[in-house]
> 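I am attaching a structure below and will ask some questions about it afterwards.
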Number of protein chains: 2
Amino acid sequence: MLSLTRKTEYALIAVCHLAHVGQKVVSAREIAEQHGMPLPLLMNVLKKLNRTGHVRSIRGARGGYVLAVSPEEFTLDALIEAVEGPVHLVRCTNADINGRKCTLANPCPIRKSVRKVHELLRELLNRITVADFAYVEPEAAQSSAKAVAQ
Amino acid sequence: MLSLTRKTEYALIAVCHLAHVGQKVVSAREIAEQHGMPLPLLMNVLKKLNRTGHVRSIRGARGGYVLAVSPEEFTLDALIEAVEGPVHLVRCTNADINGRKCTLANPCPIRKSVRKVHELLRELLNRITVADFAYVEPEAAQSSAKAVAQ
DNA sequence: TGAATATAGCATCGGACCGGTACGATTTCA
DNA sequence: TGAAATCGTACCGGTCCGATGCTATATTCA
Ligand code: FES
Ligand code: FES
């Protein structure tokens, strides 16, 4: 399917929001309302990001979330892995998926090449960071374009 | 989910097989048996590739399939689009998905950046061709590695 | 101290889509 | 004519995402 899940989309927006406000504590409700996201879904995502240590949670009244890592070091690859688990391009890139091993005639002819593609994808995702997404409000996406381009 | 479907996996192996034998006609059964793939699934995939014109089908006894495009011009992007439809990284990269428009507060702050990432992914997929996958049997994947690397 | 706020954790449910199967029709060759 | 092979379509089950609900816990504030 080669697409990001909606959770990753929510996570990306939320993390950008947190990066934008700096060290101020922002509640999930506030983020959700500001971007038209369903609150419970966003909370699920933020809980996961809290467990992986990418955001810090403050409970209680006037609580909320704060970004726990610097936007420049928070890669898209890490965000995806935190929210939706490790990336499996196809079965044979990662040893086995859900304990089931590949049933094709091993090794299949595309095995090595597909791993190479997998590595290229990971490299791409590791070059992109949250800092590339944050702070680009309306049309000034040039800084992002430059940073991402290579 | 950021992963290829199993259909794409089958398609990739089959197309590599066809590229490997040149212009010889090979039946779906033969390809399936040789790589331990379920025959009906492979046929479904080959039908799609036939409709998109990437392989040519010959019906009847002693029929089968022949690659209809050169491996060097058959990009991974085209193969994915043929088998599983166009790539949608997230909702806002392609205008609308299944007729449903994005319900987030428009435009969301990550809109421009995510499109840029989408473009980078498409570029990566367009640099990789079937020729990079074919002809790498056991361990001699160096030619592929080189061709893919940049 | 008590009420309000806000996150943590878990469990559940519905729907979409992939993976797989089945059947009949069509075409070609022996 | 019969066997081999593709073509088209339809169907079914499993998995996983998207979404919802409830309870527990921690903090703030009156
Ligand atoms: S798909 Fe299993 S080894 Fe390549
Ligand atoms: S997710 Fe809809 S505009 Fe970006």
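Heavy-atom basis, side chains included; hydrogens, waters and symmetry copies ignored. Each chain gets a letter, A, B and so on, in the order its sequence line appears, and its residues count up from 1.
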> Ignoring backbone atoms, establish whether A/Asn50 has a side-chain N or O less than 4.0 Å from OP1 or OP2 of C/dA8.
yes
> For D/dA5 and B/Arg29 - does any side-chain N or O of the residue sit under 4.0 Å from the phosphate oxygens OP1/OP2?
yes
> Could you state the atom-to-atom distance from CZ of A/Arg56 to C1' of C/dT7 in whole Å?
14 Å
> Pick the closest DNA chain C nucleotide for B/Leu41 and for A/Leu46 by heavy atoms, then say which residue is nearer the 5' end.
A/Leu46
> State, with a plain yes or no, whether a side-chain heavy atom of B/Asn44 is found less than 4.5 Å away from one of B/Tyr10.
no
> Starting at the 5' end of nucleotides 21-30 of chain D, put B wherever the base has a protein heavy atom under 4.0 Å, S where only the sugar-phosphate does, and a dash everywhere else.
----SBBSS-
> Taking only the side-chain heavy atoms of B/Ser27 (C-beta and beyond), determine which of D/dA5, C/dT21, D/dG18 contains the nearest atom.
D/dA5
> What is the distance, to the nearest angstrom, from the CD atom on A/Glu9 to the P atom on D/dC17?
15 Å
> Between A/Thr5 and B/Ala28, which residue's closest nucleotide on DNA chain D lies nearer the 5′ terminus?
B/Ala28
> Which residues pass the side chain to side chain contact (heavy atoms under 4.5 Å, CB included) test with B/Ile80, not counting sequence neighbours?
A/Leu2, B/Leu4, B/Thr8, B/Leu76, B/Glu84, B/Val87, B/Leu125
> Is any side-chain heavy atom of B/His35 less than 4.5 Å from a side-chain heavy atom of B/Leu42?
no
> Rounded to the nearest angstrom, tell me the gap between atom CD1 in A/Ile31 and atom P in C/dT7.
9 Å
> Return the value, rounded to whole Å, for the distance between atom OH of B/Tyr65 and atom C1' of D/dA5.
9 Å
> Report the distance from atom CG of B/Leu39 to atom C1' of D/dA4, rounded to the nearest whole Å.
12 Å
> Nearest to the side chain of A/Ser57 - D/dA19, C/dT7, D/dC7?
C/dT7
> In whole Å, I'd like the distance from the CZ atom of A/Arg6 to the C1' atom of C/dA16.
11 Å
> Looking at residues at least two apart in the chain, or sitting in another chain, which of them share a side chain to side chain contact (heavy atoms under 4.5 Å, CB included) with A/Ala11?
A/Val45, A/Leu49, A/Leu79, A/Val83
> Atom CE of A/Met43 and atom P of C/dA6: how far apart are they, to the nearest Å?
10 Å
> Could you list the residues that satisfy side chain to side chain contact (heavy atoms under 4.5 Å, CB included) with A/Ser57, not counting sequence neighbours?
A/Asn50, A/Tyr65
> With sequence neighbours excluded, what pairs up with B/Phe74 under the ring-ring contact (aromatic ring centres under 6.0 Å, His included) test?
B/His54
> Residues in side chain to side chain contact (heavy atoms under 4.5 Å, CB included) with A/Ser27, at least two apart?
A/Arg29, A/Glu30
> Output the rounded distance in Å from CG (A/Leu42) to C1' (D/dC17).
17 Å
